[in-house]
Number of protein chains: 2
Amino acid sequence: MENGAPADTGDNGEKGLHGRVLESLGPAITAGDYPPGTVLRTDELAQRFDVSRTVIREAIRVLESMQLVASRRRVGVTVRPTEEWNVYDPRVIGWRLTGRDRPRQLRSLTVLRSAVEPVAAGLAATHATPAQCAQLTEHAMGMVATSRGQQLDAYLVHDMAFHRVVLTASGNEMFARLADVVDAVLTGRTQHHVMFTDPDPAAVTLHVQVAEAVRTGDAARAESLTREITAGAMAELDVLAP
Amino acid sequence: MENGAPADTGDNGEKGLHGRVLESLGPAITAGDYPPGTVLRTDELAQRFDVSRTVIREAIRVLESMQLVASRRRVGVTVRPTEEWNVYDPRVIGWRLTGRDRPRQLRSLTVLRSAVEPVAAGLAATHATPAQCAQLTEHAMGMVATSRGQQLDAYLVHDMAFHRVVLTASGNEMFARLADVVDAVLTGRTQHHVMFTDPDPAAVTLHVQVAEAVRTGDAARAESLTREITAGAMAELDVLAP
DNA sequence: TCGGCCAAATAAGTATGACTTTTGCGTCAC
DNA sequence: GTGACGCAAAAGTCATACTTATTTGGCCGA
């Protein structure tokens, strides 16, 4: 209801010239087109993109804040090694998901999810408001309703909403901010699913049970059930990330 | 050995004028000095900091990339609500840790840590290289050696190094990038510790056992032992975050 | 021959002013 | 009261000149 934004990874539709430069350089760097150590010169970039140096500098500042590059006087803008990137930046995540090492990224995110979500569910069991419990059961029911007959898109919407509520209801802002990550993982799963394969009924049941556990305040049960869900996601991984 | 950087949260020592503006605006915003909805005008800021608009704009771009503010034409730069901030950005974390809601932030991070570290330890048990196992036991021994006689600083160094190795050895880049967060949590703990209180011997023993579990490839044991460690950290929380 | 020091070249950083574009808001007509 | 119109405000863009830090390399002395 309050979610009018597109279900994508983060902020699409960059505005302004510097945004367009960013949308070009970001994916290129994260895809490895510019290996670590590569130096970019601002004047050269200004020429290449046919914009002023001002615009380039603003884009560079953003790239720098993501730790993708480092700008040093007299030397230029150098691409930093992968290990130093701000891999939690939503845009970096999005870029890597559309790029070459999408499988690798999907694995990382799924593992992260499998660590976080169970704990979040446990916390949700003690922190969730009645309204959040209601939303949880609502979306669980929605999943049940759309789990048969090739309604994968509708199912996905409920699935994402369900997990978003769990993460939000945990009361931990760090967990809540991972909702977009989970969205990306779930979306990626659906996209690579065989188109006519309905969701696993067992997984649907688990979601219903999690909703119930949270509603009744059974933290241990909510956590362990969610661990089963994420374990399932981990199991699917070998199919998705070759 | 390879860590010559100061043990702080992230990149200290911002260089350039825009960096100085950032170091002033960032903490102010994250501390709540500018409530969400507050509008800042670029030329006003340029006057206030006595720099050119160019510099201000670059700082704004970075703030914008952290989702701390949104810049819109004809309206100005508006501070965004807390829920939209990029709370995983190392600088945002650092700013919040030095600001007003440090306790709240410390809680969030500790909870996150308690979710992630056990899983990371489990993975480390199957992924760690012999060299990493060696480092692990080395630092565990270091913790034992410094656990008595008011050597808290030396103990902290080993503690941080130990957990950094665990997170790195997990083989998951997302986990590895949380090492700074764990550093911050551990540092915060030591700082607020009563100065003459030696570390809990039980915790020290747990670290030694984790190192052993990882070395012998016992994933389940490594995970469960680490869960005990983080549970301890959670228990201490009520003292640290009033 | 080696080592350190100084100077020139270079590329990012900063400042400034003029111009463009978007858009909130008030006004005026219907 | 509602809609269209236009003004003005503020960010966005650009070109240019100037500053500063840093690398490189050559020069000079030990």
Side-chain angles (χ1 to χ4, degrees), chain A residues 4-5 11-26 28-29 34-81 84 91, chain B residues 4-5 11-26 28-29 34-81 84 91:
Chain A
D11 335 310
N12 271 353
E14 286 290 347
K15 66 229 172 185
L17 288 188
H18 96 275
R20 245 172 294 169
V21 174
L22 213 52
E23 284 308 308
S24 173
L25 282 182
I29 294 176
Y34 303 96
T38 307
V39 298
L40 308 168
R41 260 87 45 99
T42 53
D43 309 286
E44 183 204 317
L45 292 173
Q47 273 198 337
R48 172 136 66 94
F49 290 100
D50 193 42
V51 295
S52 69
R53 269 201 323 137
T54 314
V55 169
I56 295 295
R57 300 191 87 267
E58 287 175 19
I60 294 297
R61 283 284 99 82
V62 176
L63 256 19
E64 198 177 28
S65 106
M66 297 169 173
Q67 308 268 27
L68 293 186
V69 303
S71 178
R72 277 164 53 210
R73 267 179 160 140
R74 164 67 210 230
V75 96
V77 177
T78 66
V79 178
R80 310 186 75 167
E84 298 177 3
R91 257 165 316 189
Chain B
D11 337 310
N12 271 353
E14 287 288 349
K15 67 227 170 183
L17 288 188
H18 98 275
R20 245 172 293 169
V21 172
L22 214 51
E23 283 308 307
S24 173
L25 282 182
I29 294 176
Y34 303 95
T38 307
V39 298
L40 309 168
R41 261 88 45 99
T42 52
D43 24 6
E44 183 205 317
L45 292 172
Q47 273 198 336
R48 173 137 64 95
F49 289 99
D50 193 41
V51 295
S52 68
R53 293 195 320 287
T54 314
V55 169
I56 295 295
R57 301 191 88 267
E58 287 175 19
I60 294 298
R61 283 285 97 82
V62 176
L63 256 19
E64 199 178 28
S65 106
M66 298 170 173
Q67 307 271 8
L68 293 185
V69 303
S71 178
R72 278 163 52 208
R73 272 180 156 134
R74 163 69 210 226
V75 86
V77 177
T78 66
V79 178
R80 308 187 79 169
E84 298 177 3
R91 255 166 316 187

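Chain A is the first sequence line, chain B the second, and so forth, proteins listed ahead of strands; every chain is numbered from 1. In what follows, every heavy atom counts, from backbone to side chain, and hydrogens, waters and symmetry copies are set aside.
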What is the separation between atom [atom1] on [X] and atom [atom2] on [N], rounded to the nearest whole Å?
X       : N      : atom1 : atom2 : result
A/Arg41 : C/dG13 : CZ    : P     : 14 Å
B/Asp43 : D/dG12 : CG    : C1'   : 12 Å
A/Asp50 : D/dT13 : CG    : C1'   : 12 Å
A/His18 : C/dT21 : NE2   : C1'   : 16 Å
B/Lys15 : D/dT22 : NZ    : C1'   : 13 Å
B/Leu17 : C/dT16 : CG    : P     : 12 Å
B/Ile60 : D/dA11 : CD1   : P     : 9 Å
A/Arg72 : D/dT24 : CZ    : C1'   : 14 Å

Compare every heavy atom of [Y] with every heavy atom of [X], then report the nearest pair and how far apart it is.
X       : Y       : answer
A/Ser71 : A/Ile60 : CB-CG2, 4.4 Å
A/Val62 : B/Ser65 : CG1-CB, 3.7 Å
B/Leu22 : B/Ala59 : CD1-O, 3.5 Å

Next item on the list: Using a heavy-atom cut-off of under 4.0 Å over every strand shown, decide if B/Leu40 touches base, sugar-phosphate, or nothing.
Entry: sugar-phosphate
Notebook entry, point to check: What residues in residues 52-59 of chain A put a non-hydrogen atom under 4.0 Å from any atom of DNA chain C?
Noted result: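 Contacting residues: A/Arg53, A/Arg57.
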Check: For the atom pair CZ (B/Arg80) and CG (B/Leu68), what is the distance rounded to the nearest 0.5 Å?
Finding: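 The distance works out to 9.5 Å.
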Note to self: Which nucleotide wins on minimum distance to the side chain of B/Ser71, given the candidates C/dA15, C/dG13, D/dG12?
What the structure shows: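 Output: D/dG12.
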Note to self: Among C/dT14, D/dA10, C/dT10, which nucleotide has an atom closest to any side-chain atom of A/Arg74?
What the structure shows: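 It is C/dT10.
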Notebook entry, point to check: Does atom CD of A/Gln47 have more than 12 heavy-atom neighbours, drawn from other residues, nucleotides or ligands, at distances under 6.0 Å?
Noted result: no
Notebook entry, point to check: Taking NZ, NE, NH1 and NH2 as the nitrogens, is one of them in B/Arg61 or B/Glu64 under 4.0 Å from a carboxylate oxygen of the other?
Noted result: yes
Next item on the list: Using a strict 4.0 Å threshold on nitrogen-to-oxygen distance, state whether A/Arg20 and A/Glu23 make a salt bridge.
Entry: no
Item checked: Toward the 5' end of DNA chain D, by each residue's nearest nucleotide, A/Arg73 or B/Glu64 -> B/Glu64
